[in-house]
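The structure appears right after this line, and notes come after that.
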Amino acid sequence: MTRTDPGGGPAGAPRDDERPEPWWRRALGTGRALGTGRALGTDRDADRERFTLRARIGVLAALVAAAMVLIVSAAAFLVVRQNLTSSLDETLRLRAAAAAQSDLINPQLLASLPPAVLGAADLHIALVYSSGLVTSADAASLPPLGEPELEVAQDGVTQPGRTAVLDGVPFRVVAVPAGEGRALVIAQQLDTITRVVSRMGTALPLVGLGGVVLAALAGVAVARTGLRPVARLTAATERVATTGDLRPIPVSGSDELARLTLSFNAMLGGFAASREQQRRLVADAGHELRTPLTSLRTNLELLAAADRPDAPDLPAEDRAELLADVRAQVEELSQLVGDLVELARDDAPTMTTEALDLGEVVDRALARVRRRAGEIEFEIQRTPWILDGDADALERAVLNLLDNAVKWSPPGSRVRLSMVPISPDWLVVEVADAGDGIAPEDLPHVFDRFYRADTSRTMPGSGLGLSIVAQAAARHGGEVRAGRAPEGGALLSMALPGRAVPEAGTP
């Protein structure tokens, strides 16, 4: 019989909280990040973040300087060694040629003279015959000899100098013809050249190391100076992120960093304008919503109070008038909310466009406005015109122009809509009303959001209709204008790009 502990497991078995964690769980625990690359990459990313751009530029400058120093040092080392060797060869060749061709010195006697006679104690001289016989003053004066020297004696052609080793000592050997079947061989130790080259091999790395250090310091200094505008940009972005302060950054100079700063300032200006526009939209919308909401609440309170048992009876005419006011206020709120939604949309890049007949768009807007125009008559001058655009947005714009004209025209008057081509690629939709016109000081602002002239404060509307017209025109690459019509009223124009519809039979 197996005993169990209070935890339900076999007696003596370790509890779950006492069992050692399996190796695979530990591996997963530390390597969940291994699977995502974060555990191994965390330290690396942190090191990369600590390795600033300034330090990277300094290291890059040092590496470039080190590469250049290495190349220059190697080239200088090889060139100097080659020049020293060539100079020594030329000197030995001139001495040997002068001695071999001198009338005062017999080459046979020259070979038997001690080297000090030629003014060079480290010279080794010998006379080589084509038969292979060698004549020298003594064994100590014998230079390194080989096939090249024998070929000079046999062929009579001077060969380039060569380096040969005798008893572990390097020599530079030169052989020149010294008559028929003979060659004069002169060799000199390379210890002088070796010392010069060794000193150069020691000095060049030291000088190169100093150059690398100076290049690294210069790179850091240049990076610090050059990245100062970047540091200002970084501080500005951090300031914007933390405080929302959109003040522009001071610009100095006219280089690429200055252009970057100007672009960043332009972006800040756009953000500031967008935020100010949003603030104004919210403030104006709240102001416009307050009046109908207050009136609606007042009317509903009156209706609710009239329904109380102890309240006096509300005449049917007054109740109907209150209900009509409520209905009108609800419609006004609906229109205001729709206008706000339309203005809040900023989806011009994603606007659905298609080839449209602007005349059909005008006809649909005209059919809608006639239902609420009352006694207003309409004069329409159509021009066949095709453009690429959003049918709903253009219809809303034309409808708002007509609604505005109807609102300001007295009963029984006429509203004129004309489609006037001004070029092969542009057409202007003009809407003229029969009202009193727009005051000159109000003309620049009639298309602003929520703008209402003093004379229109008591008129219905939200002050957003013409703003929607301006927005629709801008989305289609057009523009809007306001002026005075020949009839004396206001003349609102919307210019749109497009093309005329060719007449039947026109190629």
May I have the list of side-chain donor-acceptor pairs in residues 198-205 shorter than 3.5 Å, sequence neighbours left out?
unit_1 : atom_1 : unit_2 : atom_2 : d
Ser198 : OG     : Thr194 : O      : 2.7
Thr202 : OG1    : Ser198 : O      : 3.1

Using atom types as modelled, flag every donor-acceptor pair under 3.5 Å from a side chain in residues 423-430 to any protein atom, sequence neighbours excluded.
unit_1 : atom_1 : unit_2 : atom_2 : d
Ser423 : OG     : Asp425 : N      : 3.3
Ser423 : OG     : Trp426 : N      : 3.1

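Considering only residues two or more places apart in sequence or on other chains, Leu166 meets the side-chain contact (heavy atoms from CB on, under 4.5 Å) condition with Pro144, Phe171. Partners of Gln189 under the side chain to side chain donor-acceptor pair (under 3.5 Å) rule, at least two apart in sequence or in another chain, do not exist in this structure. Applying the side-chain contact (heavy atoms from CB on, under 4.5 Å) rule to Ala397 yields the partners Val469, Ala472, Met494; only residues at least two apart in sequence or on another chain are considered.
Judged purely by atom type and a 3.5 angstrom limit, Thr163 has no side-chain atom pairing as donor or acceptor with the backbone of Arg172. In this structure, Arg481 contributes its side chain and Ala495 its backbone to no donor-acceptor pair below 3.5 Å. Using a distance-only test at 3.5 Å, with no hydrogens or angles considered, a donor-acceptor pair links the side chain of Asn83 to the main chain of Val79. Judged by distance alone, the side chain of Asp167 and the main-chain N or O of Val169 form no donor-acceptor pair under 3.5 Å. No side-chain donor-acceptor contact under 3.5 Å links Arg81 to the backbone of Val197. A donor-acceptor pair under 3.5 Å links the side-chain atoms of Thr243 to the main chain of Asp245, judged by distance alone. Remark: side-chain polar atoms of Ser493 are not paired, donor with acceptor, to backbone N or O of Val480 under 3.5 angstrom. A donor-acceptor pair under 3.5 Å is formed between the side chain of Ser263 and the backbone N or O of Arg259.
In terms of heavy atoms, Ile386 sits closest to Asp357 at CD1-CA, 3.8 Å. Contact record, Phe447 with Leu492: CZ-CD2, 4.2 Å, taken as the closest heavy-atom pair.
To the nearest 0.5 angstrom, Arg275 atom CZ is 4.0 Å from Leu246 atom CG. We find the CZ-CG distance between Arg247 and Asn265 to be 12.0 Å, quoted to the nearest 0.5 Å.
For residues 140-157, every residue pair satisfying the salt bridge (Lys or Arg N to Asp or Glu O under 4.0 Å) rule, not counting sequence neighbours, is listed here: Glu149-Arg162.
More than 12 heavy atoms of other residues, nucleotides or ligands lie within 6.0 Å of CE in Met267, so this atom counts as buried by the packing criterion. Annotation: Arg239, atom CZ; neighbour count of heavy atoms from other residues, nucleotides and ligands within 6.0 Å is above 12.
Checked by atom type, the side-chain pair Thr242/Glu238 shows no donor-acceptor distance below 3.5 Å.
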